[in-house]
Amino acid sequence: MPELPEVETIAARLRKGGRNHASTPPLLGKRIISAQVFWERTLAEPTLEKFKQKISGQLIREISRRGKFLLMDVSGETLLIHLRMSGDLLVETDDKLLSTYYRMVLSFEDGIRLALNDPRKFARVWLTANPDALLSHLGPEPLAADFAPDLFYRRLVARRRQLKPLLMDQSFLAGLGNIYTDEALHQAGLHPQRISTSLDIRDAERLWMSIRHVLKEGIRRNGASIDWVYRGGDFQNYFRVYQRNGEPCPVCDTPIQRITVGQRGTHFCPQCQRLEE
DNA sequence: CACGAGACCTGTTCGC
DNA sequence: TGCGAACAGGTCTCGT
């Protein structure tokens, strides 16, 4: 489910509380009373015993995001959550029933709970004093002020790879997944299988702009909500190519095509995104 | 180094 | 209707 805009939306909701439809209290400044883990592999680090003991009584001091990781600072340590394919975080009160797909629940003071809902069980949670061990391999934040187009160009031509798998490589750039990569490449008019070294500075600048534009739009729409994992965003209504195979390209009306690139379903316009000039 | 296949998981949708 | 295959917003590890 979650790429950068979805994780950013969730982080903001946990920080400030839910706005629009679902009104939930902020977790910032709240104290954790206890933890329950229903699928052991969800907890990557430390052991279940140590985790329960260390997390109890902790105050949430800060909530942030790096790439697709959600970070919650507690005293001396950081709680990191990666939602992978089907994870979601729900804030609720403890008179609600636990869902079958809850893999971990943190109970806060005032009867508030944070539930990690994750049907496919891919999500992972870490509690560590050294979050950099997990985060240091990540590439730049695409929305950061110091992520400049010329830096992006240099990184692109430093490797010889197809654009789509390269953009989704978290060590190259942190935060893009299948949806936003397809959308950004379409907007930039670049074929997903175009080789990175073949780009000139103008191509790179266009792609830089498209990536940032698409991510900002995603955040503005509170992320995308598709399938049965609904979370309140509506960016799915603004997809130009993702899961729109057969539908007309919004730019030129050519039917959108679906191919497989790097084992991932890939959507593009064969007219706007040509392999060779 | 780059790439493909297979794992990890469960649920939905599609095709016969 | 039923049943298997394909597919799903991610990442890791292994072999070539």
Side-chain angles (χ1 to χ4, degrees), chain A residues 1-11 38-45 65-70 80-89 99-104 116-126 133-139 142 155-185 192-198 211 214-215 217-219 221-246 258-267:
Chain A
M1 165 184 60
E3 303 180 31
L4 187 155
E6 288 76 32
V7 180
E8 182 66 36
T9 300
I10 292 170
F38 304 105
W39 182 253
E40 300 227 0
R41 300 190 62 170
T42 297
L43 183 59
E45 185 190 341
R65 176 195 62 73
R66 171 79 171 97
K68 301 175 193 170
F69 285 88
L70 182 88
L80 298 98
I81 302 175
H82 198 302
L83 299 169
R84 297 275 175 93
M85 287 288 264
S86 63
D88 193 10
L89 288 169
S99 145
T100 19
Y101 303 123
Y102 287 179
R103 308 305 177 194
M104 176 180 294
L116 172 55
N117 190 63
D118 182 29
R120 293 180 69 179
K121 302 177 173 173
F122 289 156
R124 291 292 178 268
V125 173
W126 299 257
L134 286 164
L135 304 176
S136 60
H137 79 278
L138 292 177
R155 288 179 72 84
L156 278 168
V157 298
R159 312 246 233 137
R160 184 183 182 78
R161 292 184 64 184
Q162 295 182 332
L163 286 178
K164 166 132 181 188
L166 181 57
L167 292 175
M168 290 183 64
D169 182 337
Q170 302 299 296
S171 69
F172 177 76
L173 191 62
L176 286 181
N178 212 29
I179 294 177
Y180 293 90
T181 301
D182 281 4
E183 295 296 322
L185 286 169
Q193 289 174 302
R194 182 85 177 264
I195 301 300
S196 57
T197 48
S198 77
I211 288 169
V214 162
L215 291 175
E217 277 301 291
I219 292 170
R221 306 285 175 190
N222 296 312
S225 316
I226 54 185
D227 295 344
W228 29 279
V229 192
Y230 180 73
R231 230 191 19 274
D234 65 345
F235 187 62
Q236 70 278 10
N237 300 326
Y238 302 88
F239 292 166
R240 289 158 168 255
V241 290
Y242 186 78
Q243 283 185 349
R244 297 220 184 283
N245 29 316
R258 182 192 183 279
I259 57 173
T260 299
V261 180
Q263 294 137 256
R264 304 305 300 273
T266 298
H267 316 77

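Throughout, protein chains are lettered first and strands after them, A, B, ... in sequence-line order, and every chain is numbered starting at 1. No hydrogens, no waters, no symmetry mates; every other heavy atom, side chains included, goes into these values.
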In chain order, what residues pass the side-chain hydrogen bond (donor to acceptor under 3.5 Å, both in side chains) check against [X], with sequence neighbours excluded?
X        : answer
A/Glu217 : A/Arg220
A/Tyr102 : A/Glu92
A/Gln170 : none

Ring pair (Phe, Tyr, Trp, His ring centres under 6.0 Å) partners of A/Phe235, counting only residues at least two apart: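 In terms of ring pair (Phe, Tyr, Trp, His ring centres under 6.0 Å), with neighbours along the sequence ignored, A/Phe235 is linked to A/Tyr180, A/Phe239.
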Tell me, what's DNA chain C's dot-bracket, Watson-Crick or G-U with both distances under 3.5 Å, | for other-strand, [ ] crossing? .|||||||.|||||||
Identify, with sequence neighbours excluded, every residue that meets salt bridge (Lys or Arg N to Asp or Glu O under 4.0 Å) alongside [X].
X        : value
A/Arg120 : none
A/Arg66  : A/Glu141
A/Asp234 : none
A/Arg244 : A/Glu247

List, with names and distances, any nitrogen or oxygen atoms from the protein found under 3.5 Å away from nitrogen or oxygen atoms belonging to nucleotides 2-5 of chain B.
| unit_1 | atom_1 | unit_2 | atom_2 | d |
| --- | --- | --- | --- | --- |
| B/dA2 | OP1 | A/Arg160 | N | 3.3 |
| B/dA2 | OP2 | A/Arg159 | NH1 | 3.3 |
| B/dC3 | OP2 | A/Arg161 | NE | 3.0 |
| B/dA5 | N7 | A/Gln263 | OE1 | 3.3 |
| B/dA5 | N7 | A/Gln263 | NE2 | 2.6 |

Going by centres under 5.5 angstrom and planes under 30 degrees, do the aromatic ring of A/Phe122 and the base ring of C/dT11 stack?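 Answer is no, no stack.
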Would you say A/His82 reaches C/dG10's phosphate, i.e. side-chain N/O to OP1/OP2 under 4.0 Å?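 Checking A/His82 against C/dG10: no side-chain N or O falls below 4.0 Å of OP1 or OP2.
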Got a sec, which pairs hit salt bridge (Lys or Arg N to Asp or Glu O under 4.0 Å) with one end in residues 175-185 of chain A, sequence neighbours left out?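 For residues 175-185 of chain A, and leaving out neighbouring residues, the salt bridge (Lys or Arg N to Asp or Glu O under 4.0 Å) pairs sorted by first residue read A/Lys164-A/Asp182.
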Strictly under 3.5 Å: I want the nitrogen or oxygen pairs between protein and nucleotides 10-14 of chain B, one per line.
| unit_1 | atom_1 | unit_2 | atom_2 | d |
| --- | --- | --- | --- | --- |
| B/dT10 | OP1 | A/Lys121 | NZ | 2.6 |
| B/dT10 | O4' | A/Pro119 | O | 3.4 |
| B/dG11 | OP1 | A/Tyr101 | OH | 2.5 |

